[in-house]
Peer 1: 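Following this message is one structure expressed as structure tokens.
All figures in this text were calculated on a predicted structure; none of them were measured in a lab.
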There are 2 protein chains.
Amino acid sequence: MNAKAERPALRRPREKHAEAAAPLRKPRADGQRNRERLMESAKAAFADLGAEVSLDEIARRAGVGIGTLYRHFPTRGAIVEAVYRREVQQLAGSATRLLASLAPGEALHEWMRLFVDYVATKKVIAPALGSIGGGASQLYASSGAQITDAMRLLVDRAGAIGAIRPDVDSNDLLRALVGFTYGVASPDWQASALRLIDILMDGLRPPRPIRAP
Amino acid sequence: MNAKAERPALRRPREKHAEAAAPLRKPRADGQRNRERLMESAKAAFADLGAEVSLDEIARRAGVGIGTLYRHFPTRGAIVEAVYRREVQQLAGSATRLLASLAPGEALHEWMRLFVDYVATKKVIAPALGSIGGGASQLYASSGAQITDAMRLLVDRAGAIGAIRPDVDSNDLLRALVGFTYGVASPDWQASALRLIDILMDGLRPPRPIRAP
DNA sequence: GTCATATACGGAGAGGCCCTCCGTTTATCA
DNA sequence: TGATAAACGGAGGGCCTCTCCGTATATGAC
């Protein structure tokens with residue numbers, strides 16, 4: 001409700017000649033670290049206490065002062081959005097990470113499980129995102145693309161080696177996933193989604209081995 | 001922070017069947033009046049200042065104390081929901097009211113204009129409704145039914161006397177209305193919706209008079 | 001009209017939360 | 001090692017929420 005339109009010119013250190021130049025120092029390590037810890041704590045706090053947690057609580061969990069939180073995230077919307085972006089990036093990024101350490105079929109299966117976690121977070125903070133200034137739809141568009149791409153990558157790889165039927169459309173699969181998770185609001189929805197994912201994966205396997213071992 | 005966790009159990013609503021069960025006094029007139037004034041003020045305050053207005057502000061506008069507001073609406077969600085319900089009822093109820101004083105075609109036209117006002121209110125308070133406990137979807141379902149019914153009534157009457165083409169489906173019309181109003185978030189959307197409604201009404205008129213004079 | 005009383009009113013006050021400001025600490029770099 | 005920009009922390013002002021309880025008044029009985 002506050003007219004917080006002004007960002008009040010943070011600091012004015014005595015400047016000799018602040019010319020247009022690139023700051024040469026590299027960013028301080030503690031700053032980066034605290035930023036990361038804040039997002040981590042915020043995610044946990046959202047999950048535990050809902051999207052309305054006090055910012056004090058988030059700072060406390062992160063072990064930093066409230067001033068530090070505000071320096072990194074000047075508005076509540078900023079931290080909510082940052083957490084969401086980070087979730088999306090972690091989910092999308094995990095596709096390649098999983099492909100590096102697992103067989104493509106297993107990577108796909110595991111990624112789908114991660115998707116359920118992602119939706120759990122999103123369910124909590126989406127309302128908060130919604131009441132932020134209207135930029136939410138753009139945010140969703142970009143995140144949707146990242147997730148679509150990750151899904152396609154996994155499906156392509158799994159299809160290429162015959163771990164799943166070759167005619168599976170990654171968009172169909174994504175829609176199925178969304179359906180599993182967005183359905184009812186029962187407290188059991190996560191377990192249910194995970195069971196459905198297992199069943200879906202069974203169904204995705206090719207009817208017969210590509211060739212006998 | 002003391003043991004005060006009890007909600008004092010909303011006043012027992014009066015029974016409609018005033019049989020043996022309701023030897024109670026009839027509700028005080030000032031109570032009813034204040035409740036009404038609070039909802040009126042809340043609607044105006046939401047429109048002027050957004051859904052996050054302070055409850056103090058709403059009470060002040062209504063000319064009542066903050067205690068009075070809290071007696072009638074124990075939570076913020078309660079007043080938001082009450083305002084929304086009232087909007088829906090007024091919109092739905094205006095269908096019969098308009099039919100009583102206008103020709104059916106005009107009534108339909110006017111009702112569509114009122115629909116734009118309704119959407120304007122809803123746009124503001126929907127985010128607030130969204131972050132209330134999960135009962136919002138049920139609320140929407142019931143309001144949707146009321147609006148659908150009102151629309152059907154108007155379309156039937158207008159169709160019956162030949163004010164509009166006889167083959168118009170009220171659901172189609174409602175979808176069109178929603179499309180007009182939910183489109184872009186430009187500041188001009190209301191004027192645009194009203195213009196589109198006029199055009200739509202022109203299109204709805206039967207191509208020729210029912211029979212020549 | 002008068003009275004008794006259930007009902008409703010108002011607003012002070014306690015406690016939270018948001019956000020800013022600025023003195024202190026610390027990481028970088030010369 | 002020292003200078004300095006960058007980052008930290010948290011006290012404090014201000015607004016908001018919600019409760020409590022003494023006061024006022026509408027209603028119904030007589």
Peer 1: Rounded to the Å, how far apart are A/R33 CZ and D/dG9 P?
Peer 2: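 Interatomic distance, CZ of A/R33 to P of D/dG9: 10 Å.
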Peer 1: What integer distance in Å separates A/L38:CG from D/dC8:C1'?
Peer 2: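 So the CG-C1' distance, A/L38 to D/dC8, works out to 12 Å.
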Peer 1: Quick one: which residue pairs count as a side-chain hydrogen bond (donor to acceptor under 3.5 Å, both in side chains) with a foot in residues 144-156 of chain B, not counting sequence neighbours?
Peer 2: B/D149-B/R152
Peer 1: Ignoring the backbone of B/T68, work out which of D/dC8, D/dT27, C/dC9 is nearest its side chain.
Peer 2: C/dC9
Peer 1: Strictly distance-based, threshold 3.5 Å: is any side-chain N or O of A/S41 a donor or acceptor partner for the main-chain N or O of A/R37?
Peer 2: yes
Peer 1: Between atom CZ in A/R71 and atom P in C/dC21, what is the gap in whole Å?
Peer 2: 13 Å
Peer 1: Between C1' on D/dA11 and OH on A/Y70, what's the gap in Å once rounded to a whole number?
Peer 2: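 To the nearest whole Å, that distance equals 15 Å.
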Peer 1: Test your reading of the model: is there a side-chain donor-acceptor pair from A/K43 to the backbone of A/T121, 3.5 Å cut-off?
Peer 2: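 Flag not set: sc A/K43 to bb A/T121 has no pair under 3.5 Å.
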Peer 1: The side chain of B/K26 is closest to which nucleotide in this list: D/dC16, D/dT27, C/dC9?
Peer 2: D/dT27
Peer 1: Need to verify one output field. Residue with the more 5' nearest nucleotide on DNA chain D, A/G67 or B/D30?
Peer 2: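 Looking at DNA chain D, the more 5' nearest nucleotide goes with A/G67.
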Peer 1: Do any side-chain nitrogens or oxygens of B/H72 fall under 4.0 Å of OP1 or OP2 in C/dA8?
Peer 2: no
Peer 1: For B/L55 and for A/P27, find the nucleotide of DNA chain D with the closest heavy atom, then tell me which residue's nucleotide is more 5'.
Peer 2: A/P27
Peer 1: Give the nucleotide from the list C/dC29, D/dC16, C/dC9 with an atom nearest to the side chain of B/N34.
Peer 2: C/dC9
Peer 1: Over how many whole Å does the gap from B/Q32 atom CD to D/dT25 atom P extend?
Peer 2: 19 Å
Peer 1: How many Å lie between CD on A/E36 and C1' on D/dA7, as a whole number?
Peer 2: 17 Å
Peer 1: Is a donor-acceptor pair below 3.5 Å formed from side chain A/R28 to base D/dA6, judging by atom type as modelled?
Peer 2: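 Between D/dA6 and A/R28, which were checked side chain against base, a qualifying N/O pair under 3.5 Å is present.
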Peer 1: Could you state the CZ-C1' distance from A/R35 to D/dC8, rounded to the nearest angstrom?
Peer 2: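 Atom-to-atom, A/R35 to D/dC8, this comes out as 15 Å.
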Peer 1: Strictly below 4.0 Å, heavy-atom distances to any atom of DNA chain D: list the hits from residues 58-66 of chain A, or just say none.
Peer 2: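 Those residues are A/G63, A/V64, A/G65, A/I66.
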Peer 1: Has the side chain of A/S94 got a donor or acceptor atom that lies under 3.5 Å from a matching backbone atom of A/R97?
Peer 2: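 Between the backbone of A/R97 and the side chain of A/S94 there is no qualifying donor-acceptor contact (under 3.5 Å).
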Peer 1: If you look at every strand shown and take non-hydrogen atoms under 4.0 Å, does B/D56 touch a base, only sugar-phosphate, or nothing?
Peer 2: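 B/D56: base contact, heavy atoms under 4.0 Å.
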Peer 1: Round to a whole Å and report the spacing from CG of A/L69 to P of C/dC17.
Peer 2: 14 Å
Peer 1: Check whether A/W111 reaches the backbone of A/T96 with its side chain - one donor and one acceptor, N or O, closer than 3.5 Å.
Peer 2: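 Checking the backbone N and O of A/T96 against the side chain of A/W111, no donor-acceptor pair under 3.5 Å is found.
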Peer 1: Output all residues satisfying side-chain hydrogen bond (donor to acceptor under 3.5 Å, both in side chains) with B/E40, sequence neighbours left out; order by chain, then residue number.
Peer 2: B/R86
Peer 1: Any ion pair linking A/E36 and A/R33 (charged N to carboxylate O, less than 4.0 Å)?
Peer 2: no
